[in-house]
Asks: 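What follows is a single structure, and I will ask about it in a moment.
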Amino acid sequence: MHDDRRITEKRLERFVRERIAPAIYGRALPLELSSWDAPGEPVPVSEALRQVFEPQEHGAAWGKAWSTKWLRLRGEVPEGWGVGDGTTVEIVVDLGFSNDAPGFQCEGIAWRPDGTIIKAISPRNQHVPLKLLGGGLSVDFYVEAAANPDLSQGWTFAATPLGDKSTSGEEPRYRLGRIAIAELNEVVWELHQDIWTLSGLMHELPFELPRRHEILRAFERMLDVMDPDDVAGTAAAGREALAEVLSRPAYASAHELLATGHAHIDSAWLWPVRETIRKCARTFSNVVALMDENPDFVFSCSSAQQLAWMKEFYPELFIRIREKVKAGQFVPVGGMWVESDTNMPGGEAMARQFVEGKSFFLQEFGVDCQEAWLPDSFGYSGALPQIVKSAGSRWFLTQKISWNQVNKMPHHTFNWEGIDGTRLFTHFPPVDTYNSELHGRELAHAQRNYREHGRGTISLVPFGYGDGGGGPTREMVAAAHRTADLEGSPKVRMGTAKEFFTQAEAEYPNLPVWVGEMYLELHRGTYTSQANTKQGNRRSEHLLREAELWCSTAAVRTAGRFTYPAANLKRLWRLVLLQQFHDILPGSAIAWVHQDAERNYAAIARELEGIIAGAASALLGEGDTMFLLNAAPHERNGVPALAAAEAVHSDSPVNVTERAGGYVLDNGIIRAVLDANGLLTSLSDYATGREAIAPGMFGNHLELHRDTPNEWDAWDIDEFYRRNVVSLVDARSVTLESAGWDAVVVVERTVGSSTITQRISLGAGAESLGISTTVDWQEHEKLLKIGFPLDVRADRSASETQFGHVFRATHTNTSWEAAKFEFCAHRWIHVAEPGYGVAISNASSYGHDVTRTIRDDGGTTTNVRVSLLRAPKFPDPRADLGVHVLELSIRPGASIGGAVEEGYRTNLKPRLLAGANPVEPLFTVFNQALVIEAVKLAEDGSGDVIVRLYESLGERSTGLITANFDSRMVQSVDLLERPVEVPGVTPGAGAAELTLRPFQLVTLRFSR
């Protein structure tokens, strides 16, 4: 037989495009339109419905970027419409949609005149069924149309002013399309779904497989029996021609796909938070309407914050969501406040994502999520398994690792072992998308790509339009029904994530294991982009630590005279957690989002400073004695951890001498030599006598790189950036600003249009040299790094992560190691050889790199660099421009314990306040390896004190924690403060003995 395959396929494509698709809607009648343009930001529906609506022309241009137009649609359904077999009446609303990028363009919500939501209007979901209007044959409803600009621009990554409302322009961006009453031919629609499913399957089947050709010939018969001039009249015959190939059952060994509806709505990205709130309402109203028509349809919703917005701004919709949760169709998953970044949030913040998320779902819906759900975050910290398990959850799902540039993850279902040894059942869906349409191409890819064949038989596929929202459509549900048992296709079954995990766990007991972080080999620039946002995050985390500590201490110590501000602290925590969303904290959102974040951080700081001042005043009383409030978990200047007392200062000032235009700073503990350009040519500590700086080299080395990634500007740093570098050696001036108890040398430099001023300081009694770098940054597409070439033979570096640290190789033996040319560290990074190490800490930076070379003398130079600033042009063309103050310290002769201490010291600045009374710490820990990360009052309002601590050195550590107040009982609890049995914890009267494994996390409840 001659191969006429492509002839029939092209015939089918044209017939669908020109005959079937236009026939889905038969008769149509334009509606009467009127409109009102909201003058500024969006308004509640109650306010909009009170406005005067003016006549609106069909086909008119509308909508400057970020504006809102309210449309009123009125008309009467002609007699006899929708009463025949297989027809129904719908309203079709085209706001000017393009065929591409649903969720990245204009959208709308349909409202009834009584102010209740009907459903959303979106590019691939333009219909409103007449029956949902509740007005018989009369049509009268409103559409809230949002003129959100398309910043994706076809993913060209071109700079655009559209992400800032002040620069987005006045010109209309859309033109109204068809807005009409239309008669839906259900038979034609069903035929269209048959073709879509079978065609997608056919193109994925091997050419030599008979099944492919049987489907092709069925299409041929359909095309022959249908009349192109009477599609509606012959659609039933067309369906009959396809019925046999649609009815054939799947192979017995076909892979099973559990499909769960989903809409990965970014809580901010190429739109501001205020628009995300409306995106959620649009998507969730669509989902609820779809559930009414499809009782088997299930939707997984992953962010508590988004449902909290519905409760606050859309209470009627929230009630409907709650009803669907009870019915088992709308399923909260993930148990987090938002789908956060997991690289940069601190340990306590990462814990609070689960505390707030799971608590909200329990309180509002009675649901205790058992899975963590992070399909799109940019890599996954090795601390996450323990945090997830400590929150009472069992499973983890991610998708983003499929974006790796170099190495492919070897597993799809596996145990993920964290830094402390906790193992977490993890699934990485082989469909390689969290926005599936259930197309044949996606289903076939999931089956081919699945790495566990022979041991596992099932994987999960999240389906629905995401990122910008929209969610599942009726077409996707139709595809799920057609592929439930279809020859050549995986078997698709709609269900919940819990059903998937339960089945997968049962069938696959001996799982492979992945140990440590799941590093994403992409988006490495997110550790550095938008420095102000990152600085706000770090500062907020530490202010919250201080606020909770001193408020808890005041509540316990003042015998009821101080009221713990639980509600305010919860509200502030939730606002901080929102900013940790995986496109806000990483710096990959539009300017509007980061402007909002910076305003939020400023407000958070003001309020927390007020809370801390109030607690301190209650504790210290009125007086003239200066007290140091030490919120750190280590002693500082003679003040115990978590206490307030008079500081003890060194009795030896810093010795400063001039040398060859530079300075030597010496406090008897460390000695630093700065040359005439302010470069650190020597750094040594008296305890070891070792020189930290490699021979002939210098630290405090600023380097400026070209930073032009191939794509994803704000996200990516590509390895080739290293090949173009300018060494910023020459200083404009080097001057001694102060000497005595705190010696400060000021170094000024210029580069391009930017100025750099550094304050290099050594305090009396300090074990580290401080470097504060103020940059008036006016560069574009550049990367600024600061480096320290160390005389240390380190084969690995240690970087702080949540509740511990992670080791990474300094060599590139394998492609996995070579891919980690830029990585994330929290407050410190440490490199060492046996017996000697150096720690570098920072106050707001996350991006680092470590390389090593062998010198001519045979020694090893380990070069540690911190990424200070970037200047990407998409999606924010003015990212990072302006003045920044970036602080770090370098501590020679440091152990890991010294690095931990230095990290807290750099991030918790001395807080000196006048008062009358010192403050005893609430807790004392008898082993500095055991670090207290949080002290707070219990969530239940009982007044019990919660303390969270972890083993910080990566070794088995024993110790005792005692309460310095009357405590009748000590309990081990999980992150949600529910009693649990924890190995290594022996509670006693007002104390607990601890024998903790490396990096073990423990939460204790001390009852008062």
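Numbers here are sequence positions counted from 1.
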Asks: Should the pair F821 and Y721 be assigned to parallel (<30°), tilted (30 to 60°) or perpendicular (>60°) ring geometry?
Replies: tilted
Asks: Would you please say whether a donor-acceptor pair under 3.5 Å links the side chains of S754 and Q778?
Replies: no
Asks: Is D849 paired with K785 through a side-chain N to carboxylate O contact shorter than 4.0 Å?
Replies: yes
Asks: Quick one about S684 and E691 (side-chain donor to acceptor, distance below 3.5 Å, no hydrogens or angles considered), yes or no?
Replies: no
Asks: Closer than 4.0 angstrom, basic N to acidic O: yes or no for E781 and R706?
Replies: no
Asks: So, do W828 and I840 sit near enough that their side-chain heavy atoms are less than 4.5 Å apart?
Replies: no
Asks: Do we see a donor-acceptor contact under 3.5 Å between the side chains of S799 and H805?
Replies: no
Asks: Taking the ring of Y527 and the ring of H848, is the distance between their centroids below 6.0 Å?
Replies: no
Asks: Could you tell me whether the side chain of R870 and the main chain of A714 form a donor-acceptor pair under 3.5 Å?
Replies: yes
Asks: Please report the interatomic distance OG(S529) to NE2(H523), rounded to the nearest 0.5 Å.
Replies: 11.0 Å
Asks: Please report the interatomic distance CG(N404) to CG(L522), rounded to the nearest 0.5 Å.
Replies: 8.0 Å
Asks: In terms of the angle between their ring planes, are W403 and W712 parallel, tilted or perpendicular, with boundaries placed at 30° and 60°?
Replies: tilted
Asks: Can you see whether S588 engages T526 through a side-chain donor-acceptor pair at a distance of less than 3.5 angstrom?
Replies: no
Asks: Looking at E767 and I669, what are the two nearest heavy atoms and their distance?
Replies: CG-CG2, 4.0 Å
Asks: Side chains of N407 and S815: is there a donor and an acceptor less than 3.5 Å apart?
Replies: yes
Asks: Which pair of heavy atoms, one from A766 and one from N667, lies closest together, and at what distance?
Replies: O-ND2, 2.8 Å
Asks: If only atom types and distance count, is the side chain of N842 paired as donor or acceptor with the main-chain N or O of H826 below 3.5 Å?
Replies: yes
Asks: Is any side-chain heavy atom of F788 closer than 4.5 Å to one of L888?
Replies: yes
Asks: When you measure from the side chain of K782 to the backbone of L704, do you find a donor-acceptor pair of N or O atoms at a distance under 3.5 Å?
Replies: no
Asks: Does the side chain of L790 reach to within under 4.5 Å of the side chain of I890, using non-hydrogen atoms?
Replies: yes
Asks: Answer whether the closest heavy-atom distance between the side chains of V1002 and L996 falls below 4.5 Å.
Replies: yes
Asks: Mind listing the closest non-hydrogen atom pair of P695 and D857 along with its distance?
Replies: CG-OD2, 4.1 Å
Asks: Looking at N343 and F378, would you say the former's side chain and the latter's main chain have a donor-acceptor pair under 3.5 Å?
Replies: yes
Asks: To the nearest 0.5 Å, what is the distance between CG (L762) and CD1 (I760)?
Replies: 11.0 Å
Asks: Side chains of S772 and Q758: do they bring a donor and an acceptor to under 3.5 Å?
Replies: no
Asks: Sub-3.5 Å donor-acceptor pair from the side chain of S381 to the main-chain atoms of A383, do we have one?
Replies: yes
Asks: Before you tell me yes or no, could you show the steps for R956 and Q1000 under side-chain hydrogen bond (donor to acceptor under 3.5 Å, both in side chains), namely the whole-Å CA-CA distance, both residues' side-chain angles and the distance that decides it to 0.1 Å?
Replies: CA-CA 9 Å; R956 186 172 300 276; Q1000 184 176 349; over 6 Å; no
Asks: T398 side chain to L374 main-chain N or O, any donor-acceptor pair under 3.5 Å?
Replies: yes
Asks: Looking just at side-chain N and O atoms, do Q386 and Y950 make a donor-acceptor pair shorter than 3.5 Å?
Replies: no
Asks: Side-chain donor-acceptor pairs under 3.5 Å in residues 723-732, sequence neighbours left out?
Replies:
residue: R723; atom: NH2; partner: E719; partner atom: OE1; Å: 3.4
residue: S727; atom: OG; partner: H701; partner atom: NE2; Å: 2.5
residue: R732; atom: NH2; partner: E748; partner atom: OE1; Å: 3.4

Asks: If you round to the nearest 0.5 Å, how far is CG of L868 from CG of D880?
Replies: 11.0 Å
Asks: Does E703 pair with R722 as a salt bridge, N-O distance under 4.0 Å?
Replies: no
Asks: For a quick check under 3.5 Å, do R538 and N907 share a side-chain donor-acceptor pair by atom type?
Replies: yes
Asks: Heavy-atom distance under 4.5 Å between the side chains of L683 and R671, does that happen here?
Replies: no
Asks: Answer whether the closest heavy-atom distance between the side chains of L886 and L869 falls below 4.5 Å.
Replies: yes
Asks: Heavy-atom count check: over 12 atoms from other residues, nucleotides or ligands less than 6.0 Å from N813 CG?
Replies: yes
Asks: Over 60° means perpendicular and under 30° means parallel, so classify the ring planes of H411 and F414, tilted if in between.
Replies: tilted
Asks: L680 versus V673: any side-chain heavy-atom pair under 4.5 Å?
Replies: no
Asks: Determine, for E933 against R948, whether the closest basic-nitrogen to carboxylate-oxygen distance falls under 4.0 angstrom.
Replies: no
Asks: Check this for me: does any side-chain nitrogen of one of K909 and E887 sit under 4.0 Å from a carboxylate oxygen of the other?
Replies: yes
Asks: If only atom types and distance count, is the side chain of Q535 paired as donor or acceptor with the main-chain N or O of V885 below 3.5 Å?
Replies: yes
Asks: Is there side-chain contact between V792 and V838, with heavy atoms separated by less than 4.5 Å?
Replies: yes
Asks: Between the main-chain N or O of T342 and the side-chain N or O of Q802, is there a donor-acceptor pair closer than 3.5 Å?
Replies: yes
Asks: E833: what forms a salt bridge (charged side-chain N to carboxylate O under 4.0 Å, His left out) with it, not counting sequence neighbours?
Replies: R690
Asks: Pair R545, E348 - check salt bridge (charged side-chain N to carboxylate O under 4.0 Å, His left out), show working.
Replies: CA-CA 9 Å; R545 172 194 175 91; E348 188 59 23; over 6 Å; no
Asks: Enter the distance from L1001:CG to R997:CZ here, rounded to the nearest 0.5 Å.
Replies: 9.0 Å
Asks: Enumerate the side-chain hydrogen bond (donor to acceptor under 3.5 Å, both in side chains) contacts for residues 787-797, please, sequence neighbours excluded, ordered by first and then second residue.
Replies: D791-R855, R793-T860
Asks: Output, in order, the C-alpha distance, side-chain angles, deciding distance and verdict of salt bridge (charged side-chain N to carboxylate O under 4.0 Å, His left out) for E521 and K408.
Replies: CA-CA 10 Å; E521 296 173 1; K408 187 172 182 177; over 6 Å; no
Asks: Which pair of non-hydrogen atoms, one from A351 and one from I387, has the smallest distance, and what is that distance?
Replies: CA-CG2, 4.1 Å
Asks: Looking at every non-hydrogen atom in both residues, tell me the closest pair between G346 and E541 and how far apart they are.
Replies: N-OE2, 2.8 Å
Asks: Under a plain distance cut-off of 3.5 Å, with no hydrogens placed, do H884 and N532 share a side-chain donor-acceptor pair?
Replies: yes
Asks: Determine the sole option in R891, E902, E901 for which the side chain to side chain donor-acceptor pair (under 3.5 Å) test with S768 is passed.
Replies: E902
Asks: Please find the pair of heavy atoms, one from G516 and one from W416, that lie closest to each other, and give the distance.
Replies: O-NE1, 2.6 Å
Asks: Working to the nearest 0.5 Å, report the span between OG1 of T773 and CG of L702.
Replies: 6.0 Å
Asks: Verify the distance criterion only: is there a donor paired with an acceptor across the side chains of N537 and Q580 at less than 3.5 Å?
Replies: yes
Asks: Report yes or no: do E951 and S957 form a side-chain donor-acceptor pair below 3.5 Å?
Replies: yes
Asks: Can you check whether Y846's main-chain N or O pairs, donor with acceptor, with K534's side chain at less than 3.5 Å?
Replies: no
Asks: For the backbone of T422 and the side chain of D420, can you confirm whether one donor and one acceptor N or O come within less than 3.5 Å of each other?
Replies: yes
Asks: For Y519, is the NZ or CZ atom of R808 found under 6.0 angstrom from the centre of its six-membered ring and inside 45 degrees of the ring axis?
Replies: no
